[in-house]
Structures are given as structure tokens and as C-alpha cells.
Student: 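My structure is below; once you've seen it, I'll send some questions.
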Amino acid sequence: MDNNLTIEELFQQYKQDVNNFLLYYLRTTDVDDPFQETFIRAYKALNQGSSITNPRSWLISIARNAANDYIRKEKSYLKKLMHFSKQQIQPEQQTVEDKMELDEQNRVLLQGIYRMKKSYQEVVLLRGIKDFNVTETAAILNWSENKVRVTYHRALNKLNNVLNKGGELGEFEGRAETPAKRNRDFNGTGK
Amino acid sequence: MKEELKRLPKETEISMELENKVLASLKNVDQNFSKAKHNKRRKFTNVVPYLALIACLAILIPLGLNQFSDITEKVPSKNGDMFIVDQATIKQQLQQLNGEFPFQLPASLPFEMENVQTGQHQTNEQIISIQFHGDGGELLSLEIINSKNTYNGSNMTEQVEIGDIKGLFTENGQKVKTLIWEQNGIQYHLSSIVTTTHQGYTKDELISIAKTFE
């Protein structure tokens, strides 16, 4: 990496990339907190003299960790909310697909991805959508390169299968966590 | 399938509001980071008061404190590569100072002494300072502290053995190396100081000198 890159330069260069990753990864349009957290963590790491060879995959790796922490916090918060206030959570108004202005074909593709298990989703997101190579993906996911190759191969087969079998999105409903199911769960009516 | 995946957007615009929010938070982190570094420095100095004392002495003594007197007489007796230290003269010099207590001195040093400076600090504890100046620019500083407060070291010190005695070694920015040990309730801080003409002594050399104390 060009070690002279400041956090502001990193931010300007990769802000849209990181935001895009978080939208896919968290499947919500409300990614402001993990987005901000990503650059704060990156800045702290830079201040502590972290050695960075590939700033893009480095930032995405930080974003993934920030997103996972965000998911954990949200789960804990929602559990408390369900237990103590019974407050109704309003369904999300705008979906990731809306925000990205996806056409019908891409919506089907993205929903097919979300119907797969998490490891498949992650490797498809990084290798397939975000165009990271095997080495970069392995570094981000903390996997071996071989695992990346094998999992990606299986994920693509699975995705093909999901899309061909179906096209019928409802066929797989219940296996994957859809926004509708999430909202039912939050309202305390889902199982 | 790979081609289809590539059609999905790879970047998404962020709002100006979010951009400003993140940039502002980065500035806050910057300020907090500076404060944290500052606090860390303050904390560090609190942890190692003895090291600060040594550093002060190392700086002040060469400038010449009032109560120091010179022994200009050479003590050139050779003992192998070491030179005999004229302990009697040093002790005689120190007797003129108040608060004498039984302490040990090096029997020999690895250089020929040009002069020896002695002095005593006006503190609650009795502290004797002796500086051994060599004719080749060598400089050793010895602080002898009559204190019952045991110094257990910090994360900056390394445990060493001086014969049967356990001691501590610390290096201050490569310019001052200090060996600390205690014997019979008296602390000894022996420091090697880098001068313009001498690169100072190593840890092992300081241990060798410490072993000659009697």
C-alpha cells in the first residue's frame, strides 16, 4: 500500500465500495453505524502503525467485523425489546434492492443469494459481486485459499440450483431469513 | 452465473449527511487519540519515578551541582584490564558530607579514571552520587540510596543476576543503561552514560563492575 494514504484519502477512495458491501452483507439500508465504525477502526489501526498491503480488502475486512458486531448488538437489543416492551417494530420501508435500484432479474439473483447459507453468501458476495481474488477473499474471511475455491464453486452450483429450481422464491421461504420473517420474529408472532 | 453476479452494483453512493458525520467522528478520534497518548506518557512517568530520578541525575551532574567536589588525583593502579578504584579517597571525600551510612564501592573499573566527583542530594532519603570520569570519555554514574523502599521494577526493566544477587537492568533511549540492585538495605543504581567520545558500557560489563563492589 501507499503508506502515505491518510484516512481521509482512504475514505474518499473506498466509501462507496464499503457502503455497498455493508448493504449486501447486512441486507438493510440502515448501515450508517457500521459504516462509520469501519472508518473509525481503520483510523485507529493506522494510528497504531498497522501494516497494510491491500487497503481495499483491508477495509472490507474491517467492515465485515464491524457488521458482525453490529448484528450481535442488534440481536441483543431486539431480544430485550421483545421481552420488556413488546414494542412493535415497523417493517423496513426501503429494501436494499430498492436502494440499489435493481431490475427484476438482479432482484431474483440477489434473493437467490440470500437463500443460501451464510458462508456461501459471503464468498459469493466477495468473489462474485465485489470481484476480490482468491487470496484477498481468503484474507478477508480468514479462510485458506483452497476453502475459498471449493466453497465458491459449491456456492455457485447451489445458486444455479436455487434459481433454476425455482424461480419460485416462495419455495425456499422458511429456510432463509427474509425481511418478512425477521419482522414477524421481532413482533413476537413468528417461530 | 459469474457474469450475472458481475452485473450487480459494486458501489453505492452515500449521503452527504453521512459523509460529514463520519469525517467529523474521525476528527474526534484524532483528538481523543492525542489525549490518550498524552495521558499514557503521564502515566508512564508516574510508574517509573526511579528512572526519572536517574535521568535527572544523569543530566544535572555533568552540569555541576554545588555540593559536588572534585577528586582530581588519578588512581592509575592497573589490575588486568581494570583499574583499581581508590575507595579510601572517595570515602574520605564523602565523610565531609552529612548523613554517612555504610555502603560499598567498586573495587575496580574498566577504565583509567581522570577524576571522581562525589555529592549528596538533599532529599528525605540519603542519596550519595558518585561519578567516575575516564580519560577516554568514559562516564559511570553511581547512586547509592539508603532506603528501605524496595524497587520491584516495571515493564521497562529486565531481571538480571549479579552473582547471588538479583538485580534489574533498564535502558533509557540507548543513552543511559542502568543496573539496579540492593544489598544490606542499600540500593545501588549504576549507570553507564554515552558521551561524545565513549559509547558506554553493555549490560554484561555493568554486571561485571557490580560484582567488584565491596
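All figures in this text were calculated on a predicted structure; none of them were measured in a lab. First the proteins, then the strands, lettered A, B, ... as listed; each starts at 1.
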Student: Rounded at 0.5 Å granularity, tell me how far CD1 in Ile14(B) sits from CG in Leu22(A).
Tutor: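 Going from CD1 on Ile14(B) over to CG on Leu22(A), the span is 11.0 Å.
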Student: How long is the gap from OG1 on Thr12(B) to CG on Leu23(A), to the nearest 0.5 Å?
Tutor: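 Between atom OG1 of Thr12(B) and atom CG of Leu23(A) there are 5.0 Å.
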Student: Taking side chain as everything from C-beta outward and backbone as N, CA, C, O, which of these in Tyr24(A) sits under 4.5 Å from a heavy atom of chain B? Side chain, backbone, both or neither.
Tutor: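 Only the side chain of Tyr24(A) comes within 4.5 Å of chain B.
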Student: Is chain B contacted by the side chain of Asn157(A), its backbone, both, or neither, given a heavy-atom distance below 4.5 Å?
Tutor: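 Neither the backbone nor the side chain of Asn157(A) comes within 4.5 Å of chain B.
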Student: Could you give the distance from NZ (Lys15(A)) to CG (Leu23(B)), rounded to the nearest 0.5 Å?
Tutor: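 Going from NZ on Lys15(A) over to CG on Leu23(B), the span is 8.0 Å.
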Student: Nearest 0.5 Å, what's the CD-CG distance between Glu4(B) and Leu110(A)?
Tutor: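 Separation between the atoms: 13.0 Å.
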Student: Taking atom CD of Glu145(A) as the centre, does the number of heavy atoms from other residues, nucleotides or ligands within less than 6.0 Å exceed 12?
Tutor: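 It does: Glu145(A) CD has more than 12 such atoms within range.
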Student: Can you check side-chain contact (heavy atoms from CB on, under 4.5 Å) on Tyr43(A) and Val22(B), steps first, answer last?
Tutor: CA-CA 11 Å; Tyr43(A) 188 32; Val22(B) 175; over 6 Å; no
Student: With distance as the sole test, does Asn19(A) use its side chain to make a donor-acceptor pair with the main-chain N or O of Glu11(B) at under 3.5 Å?
Tutor: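 Checking the backbone N and O of Glu11(B) against the side chain of Asn19(A), no donor-acceptor pair under 3.5 Å is found.
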Student: Mind checking the CG-CZ spacing from Leu5(B) to Arg127(A)? Nearest 0.5 Å is all I need.
Tutor: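 Leu5(B) atom CG to Arg127(A) atom CZ measures 11.0 Å (nearest 0.5 Å).
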Student: Measuring from atom CG of Leu26(B) to atom CZ of Phe11(A), what distance do you get when rounded to the nearest 0.5 angstrom?
Tutor: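 Taking CG in Leu26(B) and CZ in Phe11(A), the distance rounds to 7.5 Å.
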Student: For Arg154(A), does the CZ atom sit with more than 12 other heavy atoms under 6.0 Å from it, leaving out its own atoms?
Tutor: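 Incorrect, the count does not exceed 12.
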Student: Give a yes or no on whether a salt bridge exists between Asp131(A) and Lys6(B), defined as a side-chain N under 4.0 angstrom from a carboxylate O.
Tutor: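 Salt bridge between Asp131(A) and Lys6(B), a charged N being under 4.0 Å from a carboxylate O: yes.
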Student: Is Leu8(B) in contact with chain A via its backbone, its side chain, both, or neither, using a 4.5 Å heavy-atom distance?
Tutor: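 Leu8(B) touches chain A through backbone and side-chain heavy atoms alike.
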Student: Sort out for me which of Leu125(A), Leu109(A), Asp103(A) touches chain B most, counting heavy-atom pairs under 4.5 Å.
Tutor: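 Winner by heavy-atom pair count: Leu109(A).
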Student: Check whether Glu19(B) gets within reach of chain A through its side chain, its backbone, both or neither, counting any heavy atom under 4.5 Å.
Tutor: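 Both parts, backbone and side chain.
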Student: Side chains of Pro9(B) and Leu102(A), heavy atoms from C-beta outward: is any pair under 4.5 Å?
Tutor: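 Yes - at least one pair of side-chain heavy atoms lies under 4.5 Å apart.
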Student: Heavy atoms only, distances under 4.5 angstrom: which of Gln105(A), Glu37(A), Glu101(A) has the most pairs with chain B? Name it, please.
Tutor: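 The answer is Gln105(A).
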Student: Is it the case that atom NZ in Lys10(B) sees more than 12 heavy atoms from other parts of the structure closer than 6.0 Å?
Tutor: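 Enclosed.
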